[in-house]
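Since the structure comes first, as C-alpha cells, the remarks are kept for the end.
Quick caveat, the model's predicted, so the values are computed rather than measured. Only this structure's heavy atoms are used, side chains among them; waters, hydrogens and symmetry mates stay out.
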Amino acid sequence: MPVPDFRGGFIYFEGGNNVYTGNQLREMFLKFFESKGHRILPSASLIPKDDPTLLLTVAGMVPFKPYFMRKVEPPFPRATTSQKCVRTPDLEVVGKTARHHTFFEMLGNFSFGDYFKSDAIPWAWEFVTEVLKLPVEQLWITVHPEDEEAKALWIEKTSVSPDRIAYDPENLWAAGPVGPCGYCSEIYVDLGESRGCGKLDCAIGCDCDRFLEIWNLVFMQYNRDESGMLTPLPKQNIDTGMGLERIASVMQGAASNFDTDLFLPIINKVSELSGVPYHSNDKSDVAMKVVADHTRAVSFMLSDGIRPGSEGRGYVLRRILRRAIRYARLLGIDKPFLEQIFVIIQRDYSHHYPELKENENFILNHLRLEEKNFQATLEQGTLILQEKVKSLQEAGVTALSGADAFSLYETYGFPVELTEEMLLEQDMSVDMEGFNLAAEEHRRLAKEQSQQMRAVQESAAISEKAKALGTTPFRGYQELTIKTKIEALFQAGEEVKDAAEGDEVLVFLAESPFYAESGGQTSDRGMIRTQRAEAKLTEVKKGVTGTLYHHFIVTQGVLNLGDEVEALVDEKARQATARHHSATHLLQSALRTVLGEHVQQAGSFVTPERLRFDFTHFSSLTPMELTRVEDLLNEAVLANLPVAVVEMSLDAAKADGATALFGEKYGDTVRVVSMGDFSKELCGGTHIHASGDIGLVKIVSEGGIGAGLRRIEAVAGVEALNTMRSFNDQLLEIAQLLKAQPADLSKRIQGMLAQIKDLEKEVQQLNAKVAKSEVESLLQQVKEVEGVPVLATKVSAQDMDALRNTADLLKDKMKSGVLVLGAASEGKVNWVTVVTPTGLSGLHAGQIIKEVAKITGGGGGGRPDMAQAGGKDPAKLGEALDQVPAILKSFLSSKG
Ligand code: SER
C-alpha cells in the first residue's frame, strides 16, 4: 500500500509518523467500549431485518430498533458495533465534498435502557481526548436548545469550556419518519482556518469543511408516530454514531476522507486503470472518488445478498453501480474494471467483513453481468445522443434541451457530465437550468410515491400482546394435531373476547402445530375447533417477537378467548408441501452438479401444488441439461435417501459444508436438513422422511426472470402424476381429433403440414389465373384520348401492393398508353398511374396522379413513368375516374 502523504496535516503525534490506520481506529473504538461493559457485535446486514420502514441500513442503530422500542426484550444491556451503512440522499455530492459517502462504516455504542446521558457524554469525551488524544482546544460541542441537561453534563463531566458549547435546533435525530428518536449532541473538530470558507461569520455550524462533525450522541427517549407525535419510550437509551472514514481523516491529517488509508489503495487502483494520476486536476479527482466510493458500496451491498434490480434496494444498488461505470468512463476507462477494484476492497476489508470473501462468486457474477449489460446500454445511449446532435446541428441549434439531457440520464443512465462532455466536442452545450428543473420534478414525484408507500404499522394492542406472549412454541415438526388454547383474539387491530361465524380474526395460540410462512415454504392449511365452533386457517406468520400470528375465518359457532381448542394441520396439504420442499433441496444439488458450483439459490416458493426455484445462472438450460437435472433428481428419489434433521450452531453447520443463504446470524442455532450425501442445507421447513416419499419429480418449466437469474418450476408426488396424466390426456384428445394412434401423431402432422403447403401453392396459382382474366377484361375498356390509349378504371385490390401488381400486369399487356387505377379499401382510396413508355406524348405519371387524387381528397406524386397516391373519400372515386380524360387533355394541350 502506498504510504499516504500526510504533510500538512494538523495533528501531530508523539513519535512522528505513527498515524493510526482505519483498521486500528475501528479496533480502538470497539475495545474502548468493551472496557465499558459493552458487547462487541458484528455488523448486521445492509438489508434491515423485519423493517418495512427502511430500504437499507442507514445507521448503526437500525438493527437495534426492536430493542429501543421494547418490541423485543434486549438480550444484553449494552453493545458496540462498527455497522455497515448506506445512505443515498447525498449521492450527487459524493466526491465533491471531503466527507460524503454512499457506503460508510459507523462506529457506535448503544445502551438499551441501561445508562443514559450522564455516562454517554463523559465516555465520548474520554475516548476523543484520552484515547485519540485530539487537542481539547480544537473541539466543539452542540446541543439542542431545549436540552439544558446535556449542556450541564458537558460542563460538569468534561473539560470542555462552556463557550465551546453551541445550540443547534436541528439536534433531534430519527432513523425514519416513524420510530425511536431523541435529542442529540454532536462533537465537532475545528480543522483550522485554512480549511474554512474564509467568510467573516464562518463558525461552528458553517457548511464549509472547517468544522467537521465527528460524533453524534443520540439520547433516544421518544417514539414518533405517523402524525409526528412524540411519546416517551418505555426506557431511555443511547445511540451514538461516529463515521470511521471521518475520524480516520482527522487522525491521519488527511485533506478528505478519500485521502485516508481506507480509500487511497482503491483510488490508486482507479488511477492505475485509467492512467490518470490522482491530484492531477479537480475534475478527475471527483471522478476517482466517485468510482472508489461507489465500487466499495456496491461490493458491500452485493456481499449482503442484494441483487441489482429495477426496484427497491436492487435499484439503489444498480444506480450506484452504473454511476461508478459512468464516472470511470469520464476517466477514460471503457473496459470492464469493477472486478479489479473489488479485489482491492476484498483484500483490505474482508478480515472484518468476511462476507466479502464468503460470497465472492455471487459478487463477481453480478459485477461482471451488470457491467457488461450497462456497457451495452451506454453504447446505445451514445448512438441516440449522436443522432440528436446531428438533428440539432441541422436545425442550427447549439444547446441540448434540459429535458432531453435528463431523459438520457434517466433512461440510459447517462451522467449529464458525460453528455456535456460529448456536446462540448461539437462546440455545443446542455441547458443545465432545464436539466435541473427536470431532475427536481422527477425527485418530487419520487418523493410523493415513497410517501404513499409508507408501511402499515401493526396496532399497539397487537404488538403489546405479542411481546408479552413471546415465542409461540411450534409443535408442528412432530405433531399435526394438538390441543392448545386461545391466548388472544383480535379483530381489526382491537382485542376482542369472542368471534362469531364469518368473522376474520387474528389469534395467538399457547402452542401451535401450524407452520408459519418462511424460507419460501407457504403457511400450513388447517383449522381449529372446539365442541361448538370451527375456524379455517387462512395464513400464519411469525412476528419479530417469535409469536405466531394465525389468521382464521370462523366458519361455525363462536370462538372465545381462553377456549381450549383442537388445532389440526391439513395433513394432505402438509405432506404435499413437504414433498415439494424436499424436492427443492434435491433440485438445488442437481443443478449444482450439472451446471456448476456458481448456482446459488435466489428465492424459492413451495406449496402443496408446486415448487418454484430461482437461481443464479447466466444462460438458459439446454434440453440435455434439463433432462440430466431431472434424471439426477429422480435417481435421488429412487435411492430412497433418509432425510436427517439436526440442530447445531451456524458455524458448525458451515464447517460441515451446509448450503446457507444470506442473512443468517452468527451464533444462531440452525437446522441442517440432509438427504444422504446428495444434499445438505440449512432449513427451517418441514420435510418428508425419506426421498422415496417424493414419488416422482417433473420439471414443467425453465426460463429467465432477470439478468443472470433463472427460474425452474416443478411438480412432485401426486401433482407430478396429475401433470403427466394431463399431458397424456391432451395427447389422446389430439390423436382422436386427427384419427390417428398417439405413436403415429408426428408422422400424421408432418403429412398434414406438407398438404397445407401444397394447397397454399394451388391457391396462389388460382389467384394468378383470376387476376390474368381480370386483366383481359379490363383491357377491353381502353379508350383513346387525343390518340393516346388510356385505361382509367376502378379495380379491386386490398392494398397498394396488390394494386401495383395489377398495374404491372396491365402495363405489360398494354405496351403503350396511360393507366389510371383506383381502388377503395378500408374507407380510403389508393391510386396508381403508369405512363408507358416513359415520356409518352410528354405525359408525366406523377403530375397526372396529383390531379386525380386531389378529387378524392388526397395527394401524392412520383416518377414520370409510375406514381402512387392516396385519397380519403372513396365516394368520389368514380367522379375522379370520369375526370381522367379531361385531365390528360389539359396536359396534352399544354405540351402540344
Ligand atoms: N443514529 C445516529 C446517527 O446516525 C447516531 O448513531 O447519526
In sequence, state the C-alpha distance, the side-chain angles, and the governing distance for D119 and K36, and then conclude on salt bridge (Lys or Arg N to Asp or Glu O under 4.0 Å).
CA-CA 10 Å; D119 285 317; K36 305 281 183 209; over 6 Å; no
Worked verdict on F300 versus Y349 for ring pair (Phe, Tyr, Trp, His ring centres under 6.0 Å):
CA-CA 10 Å; F300 274 94; Y349 286 89; 5.6 Å; yes
Between E371 and F337, does a side chain to side chain contact (heavy atoms under 4.5 Å, CB included) hold up when you go through it step by step?
CA-CA 9 Å; E371 196 164 26; F337 68 96; 3.2 Å; yes
Check against side-chain hydrogen bond (donor to acceptor under 3.5 Å, both in side chains), Y327 and T295:
CA-CA 11 Å; Y327 276 87; T295 312; over 6 Å; no
Would you sort out whether L264 and Y278 count as a side chain to side chain contact (heavy atoms under 4.5 Å, CB included), showing the intermediate values?
CA-CA 10 Å; L264 278 174; Y278 185 41; 3.8 Å; yes
In sequence, state the C-alpha distance, the side-chain angles, and the governing distance for E126 and K157, and then conclude on salt bridge (Lys or Arg N to Asp or Glu O under 4.0 Å).
CA-CA 10 Å; E126 183 184 338; K157 302 220 162 194; over 6 Å; no
Apply side chain to side chain contact (heavy atoms under 4.5 Å, CB included) to residues S256 and K289 and explain how you reach the verdict.
CA-CA 10 Å; S256 78; K289 291 172 184 174; 4.3 Å; yes
Could you walk me through whether T57 and S45 satisfy the side chain to side chain contact (heavy atoms under 4.5 Å, CB included) test, starting with their C-alpha distance in whole Å, then the side-chain angles of each, then the deciding distance to 0.1 Å, before giving a yes or no?
CA-CA 7 Å; T57 300; S45 168; 5.9 Å; no
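Using a 30° and 60° split on the angle between ring planes, Y115 and W123 fall in the perpendicular class, above 60°. Between F29 and F127, the two ring planes are perpendicular [angle over 60°; tilted spans 30° to 60°].
Atom CZ of R87 and atom CG of L56 lie 11.5 Å apart (nearest 0.5 Å).
Checked for salt-bridge contact, K357 and E360 miss the test: no charged N lies under 4.0 Å from a carboxylate O. Taking 4.0 Å as the cut-off between side-chain N and carboxylate O, R307 and E370 do not count as a salt-bridged pair.
R99 places no side-chain N or O within donor-acceptor distance of the main-chain N or O of E213, the cut-off being under 3.5 Å. Under a 3.5 Å cut-off, the side chain of E105 and the backbone N or O of G243 do not form any donor-acceptor pair. One N or O on the side chain of H38 and one on the backbone of F33 form a donor-acceptor pair closer than 3.5 Å. Side chain of R313 to backbone of L55: a donor-acceptor contact under 3.5 angstrom is found.
Paired with W140 under the rule side-chain contact (heavy atoms from CB on, under 4.5 Å), one option of V189, I204, I187 passes, and it is I204.
The side-chain hydrogen bond (donor to acceptor under 3.5 Å, both in side chains) search around K372 returns none, not counting sequence neighbours.
Less than 6.0 angstrom separates the ring centroid of F263 from the ring centroid of H101.
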